[in-house]
Colleague: 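Take this structure, written in structure tokens, and hold onto it; I'll ask about it next.
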Amino acid sequence: MTDASALPGQPRGGVLSGPATARAVNVLAPNASAMTLDGTNTWIVSEPDSDLAVVVDPGPLDDGHLRRVVATAEQAGKRVALTLLTHGHPDHAEGAARFAELTRTRVRALDPALRLGDEGLAAGDVITTGGLELRVVPTPGHTADSLSFHLPADGAVLTGDTVLGRGTTVVAHPDGRLGDYLDSLRRLRSLSVDDGVHTVLPGHGPVLEDAQGVVEYYLAHRANRLAQVETAVEDGYRTPAQVVAHVYADVDRSLWPAAELSVRAQMDYLEEHGLI
């Protein structure tokens with residue numbers, strides 16, 4: 001058995017659903033797959049002494065899951081007062097409109113198409129529902145609309161799909177861009193180095209106890225993959241599919257379509273910088 005403390009980010013063992021920090025509780029959606037890992041993490045975030053809660057990423061359109069999120073909040077003596085989205089992929093956002101019906105809440109997101117209500121989200125915004133402080137951190141790259149939420153009181157950051165609890169994420173070309181993603185990882189590293197963030201509350205997979213360690217791992221992984229893609233192109237592998245078959249030969253073939261999206265983003269990045 002591998003020691004979790006030796007893995008990138010020091011993933012926390014045990015059951016994924018339930019309390020993760022003093023202010024964050026996870027309700028795991030029943031949509032496990034190769035792409036979603038154990039399922040989507042739906043986060044209920046609130047001040048311990050408040051009767052109001054914020055929900056981040058209601059998840060898929062699964063009425064049973066959405067009702068479990070409401071029930072979990074209510075069992076803790078809290079009413080869901082606001083819904084936030086890290087980004088618009090269906091496994092995070094498809095259930096948002098139905099969840100808004102169940103809770104009579106607004107939905108705030110970067111993408112106007114995903115909002116329910118007049119307010120969106122932008123860099124520098126601070127959510128203060130029920131005395132909670134959640135700071136909006138722009139982290140594009142996985143998608144153009146990706147956001148993270150800094151929870152200063154717990155030294156934590158909710159990362160959506162920008163950083164996962166296990167493995168690495170996809171730069172979802174053409175919406176996702178590698179240059180943006182690298183900048184976002186550096187922004188998260190700054191939170192860990194300068195702002196006391198030590199815990200990652202990801203959109204999928206276990207909680208990570210070493211925020212700086214996992215971000216450093218992601219940056220090194222991306223640099224390594226980029227070098228491999230550059231070498232593969234120089235060696236005559238010209239199409240994204242050819243590069244995937246060569247560079248990602250050790251990766252489960254069911255993940256190759258997703259890997260191809262990242263390779264397309266990497267090839268665009270190399271072309272933009274005159275490297276291929």
Side-chain angles (χ1 to χ4, degrees), residues 11-21 23-46 51-111 113-117 121 127 129-130 132 134 142-143 145-149 151 156-167 169-170 172 200-208 258:
R12 186 183 298 175
V15 178
L16 296 181
S17 280
T21 68
R23 292 166 179 79
V25 175
N26 181 31
V27 182
L28 183 64
N31 61 333
S33 72
M35 289 298 294
T36 61
L37 305 181
D38 310 274
T40 299
N41 294 334
T42 294
W43 292 103
I44 303 172
V45 192
S46 65
D51 61 355
L52 300 180
V54 174
V55 166
V56 178
D57 289 350
L61 184 54
D62 181 305
D63 213 59
H65 169 66
L66 300 177
R67 290 182 182 276
R68 278 192 298 276
V69 175
V70 175
T72 300
E74 290 179 345
Q75 288 165 8
K78 300 177 186 295
R79 175 178 64 84
V80 178
L82 179 64
T83 303
L84 306 176
L85 298 177
T86 61
H87 65 298
H89 279 167
D91 57 313
H92 293 257
E94 188 181 35
R98 174 58 178 152
F99 189 71
E101 290 178 2
L102 292 172
T103 58
R104 298 181 181 178
T105 59
R106 296 165 295 146
V107 176
R108 295 180 63 180
L110 180 61
D111 185 348
L114 299 171
R115 301 171 188 168
L116 291 175
L121 291 171
I127 310 301
T129 302
L132 183 72
L134 272 180
H142 170 67
T143 60
D145 70 328
S146 288
L147 299 171
S148 295
F149 299 101
L151 179 56
V157 60
L158 294 88
T159 54
D161 281 357
T162 299
V163 173
L164 304 179
R166 185 169 65 250
T169 199
V170 173
V200 173
L201 306 176
H204 303 278
V207 172
L208 301 175

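Every heavy atom of this structure was used, including side-chain atoms; hydrogens, water molecules and symmetry mates were not.
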Colleague: Taking all atoms of both residues into account, what is the closest heavy-atom pair of Trp43 and Pro202, and its distance?
Modeller: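 Closest pair (atom of Trp43, atom of Pro202, distance): NE1-O, 3.0 Å.
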Colleague: Going by heavy atoms in the side chains, are Val55 and Thr103 under 4.5 Å from each other?
Modeller: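 Side chain of Val55 against side chain of Thr103, heavy atoms only: no contact under 4.5 Å found.
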Colleague: To the nearest 0.5 Å, how far apart are CG in Leu134 and CG in Leu147?
Modeller: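 Nearest 0.5 Å value for the CG-CG distance: 11.5 Å.
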Colleague: From Asp38 CG over to Asn31 CG, what is the distance, rounded to the nearest 0.5 angstrom?
Modeller: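 Reported value, rounded in 0.5 Å steps: 10.0 Å.
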Colleague: According to side chain to side chain contact (heavy atoms under 4.5 Å, CB included), who are the partners of Thr129, at least two apart in sequence or on a separate chain?
Modeller: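 Result, side chain to side chain contact (heavy atoms under 4.5 Å, CB included) vs Thr129: Leu52, Val54, Ala81, Leu82, Ile127.
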Colleague: To the closest 0.5 Å, what do you measure between CG (Leu28) and CG (Leu16)?
Modeller: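 Answer for the CG-CG pair, Leu28 versus Leu16, is 5.5 Å.
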Colleague: Taking side chain to side chain donor-acceptor pair (under 3.5 Å) as the criterion, tell me which of Asp57, Thr36, Asn26, Thr159 meets it with Asn41.
Modeller: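 Testing Asn41 for a side chain to side chain donor-acceptor pair (under 3.5 Å) against Asp57, Thr36, Asn26, Thr159 leaves exactly one candidate, Asn26.
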Colleague: Between Ser17 and Arg68, is any pair of side-chain heavy atoms under 4.5 Å apart?
Modeller: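 No. Closest side-chain heavy atoms not under 4.5 Å.
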Colleague: Could you tell me whether a side-chain N or O of Asp145 sits under 3.5 Å from a main-chain N or O of Gly88, the two making a donor and an acceptor?
Modeller: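 Side chain of Asp145 to backbone of Gly88, a donor-acceptor pair under 3.5 Å: yes, one is there.
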Colleague: Report the C-alpha distance between Leu201 and Val56 in whole Å, list the side-chain angles of each, state the deciding distance to 0.1 Å, and finish with yes or no for side-chain contact (heavy atoms from CB on, under 4.5 Å).
Modeller: CA-CA 11 Å; Leu201 306 176; Val56 178; over 6 Å; no
Colleague: Is the closest side-chain heavy-atom distance between His87 and Thr162 below 4.5 Å?
Modeller: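 Contact flag for His87/Thr162 side chains = no.
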Colleague: Can you give me the closest heavy-atom contact between Leu66 and Pro60, atom names plus distance?
Modeller: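 Here Leu66 and Pro60 meet closest at CD2-O, 4.0 Å.
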Colleague: Do you know which two heavy atoms are closest between Arg67 and Asp63, and how far apart they sit?
Modeller: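 For Arg67 and Asp63, the tightest heavy-atom pair comes out as NE-OD2, 2.8 Å.
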Colleague: What heavy-atom pair brings Thr83 and Pro58 nearest, and what distance separates the two atoms?
Modeller: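 Here Thr83 and Pro58 meet closest at CG2-CG, 3.4 Å.
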Colleague: If you round to the nearest 0.5 Å, how far is CZ of Arg79 from CZ of Arg104?
Modeller: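 Answer rounded to 0.5 Å: 10.5 Å.
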Colleague: Specify the closest pair of heavy atoms between Arg115 and Ala109, including all atoms of both residues, with the distance to one decimal.
Modeller: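 Nearest heavy atoms, Arg115 then Ala109: NE-O, 2.8 Å.
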Colleague: Whether the His89 and Thr143 side chains hold a donor-acceptor pair (N or O, under 3.5 Å, no angle test) is what I'd like checked.
Modeller: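 No, because no side-chain N or O of His89 sits under 3.5 Å from a partner of the opposite role on Thr143.
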Colleague: Donor-acceptor pair, Thr40 side chain versus Ala29 backbone, under 3.5 Å?
Modeller: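 Not confirmed, Thr40 side chain does not pair with Ala29 backbone.
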Colleague: For the atom pair CZ (Phe149) and CG (Leu85), what is the distance rounded to the nearest 0.5 Å?
Modeller: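 The CG atom of Leu85 is 7.5 Å from CZ of Phe149, to the nearest 0.5 Å.
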Colleague: Calculate, to the nearest 0.5 Å, the distance between atoms CD1 and OG1 belonging to Ile44 and Thr72 respectively.
Modeller: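 With rounding to 0.5 Å, CD1 (Ile44) is 5.0 Å from OG1 (Thr72).
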Colleague: Identify, with sequence neighbours excluded, every residue that meets ring-ring contact (aromatic ring centres under 6.0 Å, His included) alongside His204.
Modeller: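 For His204 the ring-ring contact (aromatic ring centres under 6.0 Å, His included) partners, ignoring immediate neighbours, are His92.
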Colleague: Looking at Pro206 and Arg166, what are the two nearest heavy atoms and their distance?
Modeller: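 It is CD-NH1, 3.8 Å.
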Colleague: So which of Leu84, Val45, Thr86 actually passes side chain to side chain contact (heavy atoms under 4.5 Å, CB included) with Leu158?
Modeller: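 Only match with Leu158 under side chain to side chain contact (heavy atoms under 4.5 Å, CB included): Val45.
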